[in-house]
Amino acid sequence: MKLRILERLTVLFSWAAGFILLAAVFLLLGYLLVKGYSSISLSLIFGEASPLRALLLEERVFDGLFPAIAGTLVLVILSIVWAIPIGMATGIYLAEYAGPRVKKMLDVFFDVLSGIPSIVVGLFGFSFAVFLHKNFSDKIGPCLLISSIALSFLVLPYIIRTTQASLEGIPRDIRLTAIALGATQLQNIFLVLIPKSLSGIMSGIILAIGRCAEDTAVIMLTGAVATVGLPKSFFSQYEALPFYIYYISSQYSTPDELMQGYGAAIILLLLCAILFSIAYGIRRGLTHFAFYRA
Amino acid sequence: MSYSMSDTIKIQVANLQFSYQGRTVLRDVTVSFAENSITALTGPSGIGKSTFLMSLNRLWENIPDAHMKGTVEIKLQGQFRDVYARSMAVTELRKMVAMVFQVPNPLPMSIGKNVAFPLKLAGENNRDVIACKVERSLKMANLWDEVKDRLNDDARTLSGGQQQRLCIARALVLEPEVLLLDEPTSSLDQASTAAIEELLTGLKDHLTILVVSHYLEQVVRISDRVVRFADDTIIP
């Protein structure tokens, strides 16, 4: 009898926890939409400029979010481009080559890395920029490149861990299939194991994309600024949506400006949604491609 | 030259010891196998039959915490060779000593690609050669007539018995000299089992076959010789 009640209570508690979580998500989204709905318009993105001309980079956008959207997009892509090869290679090493002792040691390192607060990573990026500025060229300072490198460090643990876990999760039968047919370890990794675990690895990349798109602490120390226009090069400062949201919510002078902040938040969520769906699409297609290509 | 090096011997195993995680699985196994014959390895499960097979193609080296002592010599390309010698490249060995597993393990690719996979591993790029060899080994595995019109279909759409014959075809495509099979029919129904037994009987003119089997009738039906495993050694 007592056990039954306990069981009921556990079920009830789980339901309640799930409900609270869902309610929180919907409340947040609803609040954002209700507040920011009125400010969503083409002029929020492009300001006074003509959208087409702005997209073709013929006209500069002054009072819109277009530069911040572009900045965030470039930043995310760059960070992921740095993080994928390093993260996957490390994950492959951990799963397929590392001996038990090395693995234990590196496990600790990567747990520490994933536990480092992003502001510390930002500070590291900033110091790195200062170091480069002092020792190499005074033209280098906080910029898109430094930000993306710092962000890639922030998300490396996601990619390392998911790569490692999905490789280690492959059953022994599949692991030995190609080996028994005369494959070298490298052939086995690239022709069977990686294609087989692509879907898991993509989940890690999706997490990493989300993290890169939303992180504010790293970029505010390493090159994001409030107004500078479209990013001109790897070595220029840039605008970014999360930084814009942070900036406007702490410095707004009129209710209209605050509304723009809500609008920016909605746009950031949309951007993430688009990036996620692209990644999901790639995930579905990639596994197929990996095995079936000619 | 000792008797074991006579013309009819294909595989010569001496003083083989094997342990997993400190537990001895095989102790002091000495046995040899004749060329172009089917030998059945029987005995209770967990007695080391699969391990024994893996010691012939060195597949156990990919399993953590396994240790082996003893010598394994196989006559490859007409010459007895110590498979654990430095000069023996393990990938080359596995191309000549092929293996088929208990559960059919086609890769998630098309039927044709599955059979062509070992050729790809070996670096064969000529499409005509590949197509020709794929057809030849599918015919050897008695599967050609069933799949010739759908070589581009996913291999996992085949039935269990067909999948296992596909795996045999895949193992045959590099023209191995020895074929190891680890309970190849234990997950299959009677008709599929019969098809595989028939196929193995037909194959022994080309190669030397070692098959682990639980089924006494099967052993009697197809094998030329039975080696029984008991208490970490064998009763020849």
Side-chain angles (χ1 to χ4, degrees), chain A residues 91-107 164-203 282-294, chain B residues 50 53-54 56-65 89-125 127 130 152-156 167 169-174 176 179-182 187:
Chain A
I92 292 170
Y93 172 75
L94 282 176
E96 302 299 325
Y97 291 101
R101 290 174 87 185
V102 179
K103 203 160 157 174
K104 231 178 210 168
M105 197 175 73
L106 289 178
D107 271 349
Q164 184 191 357
S166 35
L167 283 173
E168 283 175 348
I170 294 176
R172 200 169 88 177
D173 294 9
I174 296 171
R175 194 165 271 286
L176 291 181
T177 301
I179 293 283
L181 295 167
T184 62
Q185 194 171 7
L186 206 63
Q187 282 178 323
N188 194 30
I189 289 174
F190 280 104
L191 297 174
V192 178
L193 302 184
I194 299 257
K196 197 76 193 166
S197 50
L198 269 179
S199 144
I201 295 171
M202 280 307 285
S203 312
I282 292 176
R283 171 158 87 175
R284 290 187 55 152
L286 211 56
T287 316
H288 187 83
F289 172 77
F291 277 117
Y292 290 84
R293 76 198 146 179
Chain B
S50 309
L53 285 191
M54 285 196 281
L56 302 182
N57 68 350
R58 292 173 62 179
L59 198 63
W60 63 273
E61 291 176 358
N62 288 72
I63 294 167
D65 269 333
V90 68
T91 52
E92 291 308 308
L93 171 70
R94 289 174 190 153
K95 281 165 193 166
M96 293 183 278
V97 182
M99 186 162 186
V100 172
F101 294 85
Q102 185 170 4
V103 180
N105 58 350
L107 290 163
M109 322 170 174
S110 69
I111 294 166
K113 286 241 160 66
N114 254 291
V115 182
F117 188 70
L119 294 168
K120 187 177 162 184
L121 293 176
E124 177 63 68
N125 288 321
R127 282 180 178 221
I130 291 177
N152 292 322
D153 287 7
D154 192 317
R156 291 165 298 180
C167 293
R170 189 175 60 185
L172 292 175
V173 77
L174 290 174
L179 183 62
L180 313 171
L181 302 104
D182 190 356
S187 64

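All of these numbers come straight from a predicted model, not from anything done at the bench. A note on names: the letters A, B, ... follow the listed sequences, proteins ahead of strands, and every chain is numbered from 1.
Taking 4.5 Å as the limit, every side-chain heavy atom of A/Gln187 sits out of range of all side-chain heavy atoms of B/Thr91.
Atom CG of B/Leu174 is separated from atom CG of A/Leu181 by 7.5 Å, given to the nearest 0.5 angstrom. Of the inter-residue distances, the one linking A/Thr177 atom OG1 with B/Phe117 atom CZ reads 8.5 Å to the nearest 0.5 angstrom. In this structure, the separation between CG on B/Leu107 and CD1 on A/Ile174 is 8.0 Å, given to the nearest 0.5 Å.
Of the two parts of A/Arg172, only the side chain, counted from C-beta on, holds a non-hydrogen atom closer than 4.5 Å to a non-hydrogen atom of chain B. If you measure heavy-atom distances from B/Ile63 to chain A, the contacts under 4.5 Å come from the side chain alone.
Scanning all heavy atoms of the two residues, the minimum distance from A/Gly182 to B/Leu121 falls at C-CD1, 4.4 Å.
With respect to chain A, the highest number of heavy-atom pairs below 4.5 Å among B/Lys95, B/Met99, B/Arg170 belongs to B/Arg170. Between chain B and the options A/Leu176, A/Asp173, A/Thr184, A/Asn188, the largest number of non-hydrogen pairs under 4.5 Å is found for A/Leu176.
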Run A/Arg175 and B/Asn62 through side-chain contact (heavy atoms from CB on, under 4.5 Å) and show every step you take. CA-CA 9 Å; A/Arg175 194 165 271 286; B/Asn62 288 72; over 6 Å; no
